[in-house]
Peer 1: 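Right, I'll just put the structure down here and ask away after.
Nothing fancy with the numbering, it's 1 onward along the sequence.
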Amino acid sequence: MADSPQRTPQDDNPWRAAGLVTAIGAELAILIGVGWWLGTVYDDRNGTGYGYLTGLIVGLIAGIGSAAGLIRKFTGGKRT
């Protein structure tokens, strides 16, 4: 048992975990919504019908990347 890593009390805080989940959900919703909105504006200006879908996908990719960064910051991990 002496070799097991010590957990700090901060790691066991359920409010910190709830905050992380809330932040991830909010970021995903906002980025997907902004992507959809920008795609819709593109469609309206150019008379196309695929811009909203492209915006949704770009927003989703941005949201996933942002969530990964947030989780990395939460866990204290470093980019390798």
Peer 1: Under 4.5 Å between side-chain heavy atoms, hopping through other hydrophobics if needed: is there a path connecting Leu38 to Ile61?
Peer 2: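 They do share one cluster, since a chain of ILVMFWY contacts under 4.5 Å joins Leu38 to Ile61.
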Peer 1: Quick one: do Leu53 and Tyr42 end up in the same hydrophobic cluster if we chain Ile, Leu, Val, Met, Phe, Trp and Tyr together by side-chain heavy atoms under 4.5 Å apart?
Peer 2: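 Not linked; separate clusters.
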Peer 1: Identify the two heavy atoms, one from Leu31 and one from Ser66, that lie closest to each other, and give their separation to 0.1 Å.
Peer 2: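 Shortest heavy-atom contact: CD1-CB, 4.1 Å.
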Peer 1: Cluster question for you: counting only ILVMFWY and a side-chain heavy-atom cut-off of under 4.5 Å, with indirect links fine, are Val58 and Trp37 together?
Peer 2: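 In one cluster with Val58: Trp37, no.
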Peer 1: Specify the closest pair of heavy atoms between Ala67 and Ile24, including all atoms of both residues, with the distance to one decimal.
Peer 2: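 Nearest pair, atom of Ala67 first, then Ile24: CB-CG2, 4.0 Å.
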Peer 1: Please name the pair of heavy atoms, one in Ile64 and one in Leu28, separated by the smallest distance, quoted to 0.1 Å.
Peer 2: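 Looks like N-CD2, 3.9 Å.
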Peer 1: Taking C-beta and beyond as the side chain, do Val34 and Ile30 meet within less than 4.5 Å on heavy atoms?
Peer 2: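 In short, these two side chains touch, coming nearer than 4.5 Å.
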Peer 1: Using every non-hydrogen atom in the two residues, find where Asp43 and Tyr52 come nearest and quote the distance to one decimal.
Peer 2: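 For Asp43 and Tyr52, the tightest heavy-atom pair comes out as OD2-N, 3.1 Å.
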Peer 1: Side chains of Trp36 and Thr40: closer than 4.5 Å at any heavy-atom pair?
Peer 2: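 SC-SC contact between Trp36 and Thr40 confirmed.
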